[in-house]
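Order of appearance sets the numbers: ligands from 1, and atoms from 1 within every ligand.
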Amino acid sequence: MGITGSIAAYKSILLVRLLVKAGAEVKVIQTSASRDFVSPLVLSTLSKNPVLSDLSESDAWANHVMLGRWADLMVIAPLSCNTLSKMATGVCDNLLMAVYLSSTCPVTVCPAMDEDMWLHPTTRRNLTIIANDSVSIIPVGHGELGSGLVGEGRMAEPEQILEAIALQLNPHSKPLEGKRALVTAGPTYEPIDPVRFIGNHSSGKMGIEIADALCKAGADVTLILGPSAERPKCSKVNVVNITTAVQMFEAVKAIYYNTEIGVFAAAVADYRPENAFESKWKKDGNTNPPTIKLVENPDILKYCGEQKKEGQCLVGFALETDNEEANALKKLKSKNADLLVLNSLKDEGAGFGTNTNKIAIFGKKGNKKAFPLLKKSEVATEIVNAIIAELS
Ligand code: PMT
């Protein structure tokens, strides 16, 4: 466990205690800045191991290569802005960085910093770099910060970190065993005539990754999929193919009452042509272009929110282009969802078609977790982790 210079270092004391209590053998590495916040004596007492700080101590060399090989997991909590930037660029000027750069085990970090630093483009860039290097990032929370300001940047709570670590160390555990999940994904096509339709750019990738992640976590998954070339990797996912919003609604209604989890990642057309032509609509020399009368489609997520029973967890999405957070919070409430995943088309690499996405998850209690740009598979894992936390 690495501890860097941040006021959140006080929470690391509890994390060490929880890890030891859970049966882990813990070796702590402190940066010199972290010693101003928490004493090595406390950490060595709780970890039952000497605390390491320097590449060489009392003429003995700290074998950073072996430390990085010894551990099953390296956790850096808190991760300061400074150490984050060293991780992104490979600066190796202390024992913690030497161990990180020579580690062969998975690495998880728990950032902690003031909101302005957290939101700075350099920090966002550095987070994306380390995420691409396969470092798992446990997102910051919202609340009172060391500066006295209120905002994003609080280190995750030690209990949450422990839960995430346990899942990472035991990926074969099936926390959703026995739960039934329904996922909607892809676009809907609303026919104008046998040749043309009203649709959108959804590829289905996001929802399919969620179906796979739920399946991996042990859930029994039904994926209601609009027209898409993509397919889930997990052969156990039951795929129901549909084309229109009305068909998606019927497929959802047929199973929703029998599920504990509903994730609505589909981009459903809000409107459809009132009457689809049975034959191809021809240009007939008429100079006036034809008019298509639209009628409203059922709001599937809203229906499920209204029908929700105790013990069901409902996750909605919001794809926004403006006033993102306000619109997401409005949808969370109006559709009676438990979690709302916001993605914005303003963020490069987010939204339709890409293999990446950048999301924030909002909970009913006003909690918010924002993530850097991640692969859609990683985003799916984070959403499933949030569902597991919600259900427990
Ligand atoms: O499929 P990809 O290419 O991977 O792209 C992923 C995605 C961008 C489609 C996905 O991440 C996403 O944002 N999905 C929701 C898109 C959307 O239609 O959002 P919305 O803000 O319009 O809808 C809000 C919520 O209500 C969504 O959960 C939606 O599924 C649901 N909805 C909307 C309309 C409707 N008639 N019925 C619904 O259930």
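Pairing each heavy atom of Ser12 with each of Pro78, the nearest pair is OG-CD, 3.2 Å. Here the shortest heavy-atom pairing between Gly204 and Ala185 reads O-CB, 4.0 Å. Closest approach of Leu15 to Leu162, counting heavy atoms only: CD1-N, 4.3 Å. Taking both residues in full, the closest heavy atoms of Leu339 and Gly363 are given as CD2-CA, 4.1 Å, listed atom of the first, atom of the second, then distance.
Using a distance-only test at 3.5 Å, with no hydrogens or angles considered, a donor-acceptor pair links the side chain of Asp193 to the main chain of Trp281. Of the possible polar contacts, one joining the Thr4 side chain to the Ser80 backbone as a donor-acceptor pair under 3.5 Å is found. A donor-acceptor pair under 3.5 Å is absent between the side-chain atoms of Thr123 and the main chain of Leu119, judged by distance alone.
At the top of the distance list for atom 37 (N) of ligand 1, counting protein heavy atoms only, stands Ile300 N, 3.1 Å. Of the protein's non-hydrogen atoms, the one nearest atom 19 (O) of ligand 1 is Leu319 N, 3.5 Å. Counting only heavy atoms of the protein, atom 5 (O) of ligand 1 lies nearest to Gly351 O, 3.4 Å. Here the heavy atom of the protein found nearest to atom 2 (P) of ligand 1 is Ser203 OG, 3.3 Å. When only non-hydrogen protein atoms are considered, atom 6 (C) of ligand 1 lies nearest to Met206 CB, 3.5 Å. Ranking the protein heavy atoms by distance from atom 34 (C) of ligand 1 puts Asp270 OD1, 3.3 Å first. The protein atom (non-hydrogen) at minimum distance from atom 24 (C) of ligand 1 is Phe317 O, 2.9 Å. Residue, atom and distance of the protein heavy atom nearest to atom 18 (O) of ligand 1 are Ala267 CA, 3.4 Å.
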*Stepwise side-chain hydrogen bond (donor to acceptor under 3.5 Å, both in side chains) test for Lys375 and Asn355*: CA-CA 6 Å; Lys375 289 188 204 133; Asn355 291 325; over 6 Å; no
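Taking a 4.0 Å cut-off on heavy atoms, Asp299 registers as neighbouring ligand 1. Residue contact annotation: Pro298 has a non-hydrogen atom under 4.0 Å from ligand 1. Residue contacts with ligand 1 include Lys376, since one or more of its heavy atoms lies under 4.0 Å from the ligand.
Atoms of ligand 1 lying under 4.0 Å from at least one heavy atom of Lys335, given by number and element, are 24 (C), 25 (C), 26 (O), 33 (C). Near Gly204, with a cut-off below 4.0 Å to any heavy atom, the atoms of ligand 1 are 1 (O), 2 (P), 3 (O). Short contacts between ligand 1 and Ala318, defined as distances under 4.0 Å to a heavy atom of the residue, involve ligand atoms 21 (O). When each atom of ligand 1 is checked for a heavy atom of Leu301 under 4.0 Å away, the hits are 25 (C), 26 (O), 28 (O), 31 (C), 38 (C), 39 (O). Near Phe264, with a cut-off below 4.0 Å to any heavy atom, the atoms of ligand 1 are 27 (C), 28 (O), 30 (O). Within the listing of ligand 1, atoms 1 (O), 2 (P), 4 (O) sit less than 4.0 angstrom from a heavy atom of Lys205. Listed by atom number, the atoms of ligand 1 under 4.0 Å from Gly353 heavy atoms are 2 (P), 3 (O). Close approach of ligand 1 to Ala265 is summarised as follows: ligand atoms under 4.0 Å from at least one heavy atom of the residue are 9 (C), 10 (C), 12 (C), 14 (N), 15 (C).
Contact annotation: for Asn343 versus ligand 1, heavy atoms closer than 4.0 Å belong to the side chain alone. The proximity of Lys331 to ligand 1, defined as any non-hydrogen pair under 4.0 Å, is limited to the side chain. Residue-level proximity to ligand 1 for Thr354 is absent, since no heavy atom of it falls below 4.0 angstrom.
No salt bridge links Glu320 with Lys330; every basic N to acidic carboxylate O contact stays at or beyond 4.0 Å.
Looking only at atom types and distance, the side chain of Thr188 has a donor-acceptor partner in the side chain of Glu190 under 3.5 Å away.
Aromatic pair Tyr10/Phe37: centroids not less than 6.0 angstrom apart.
Here the rule is side chain to side chain contact (heavy atoms under 4.5 Å, CB included) with Val16, and of Lys48, Lys21, Met1, Lys11 only Met1 fits it.
Residue-environment remark: CZ (Arg124) exceeds the threshold of 12 foreign heavy atoms within 6.0 Å.
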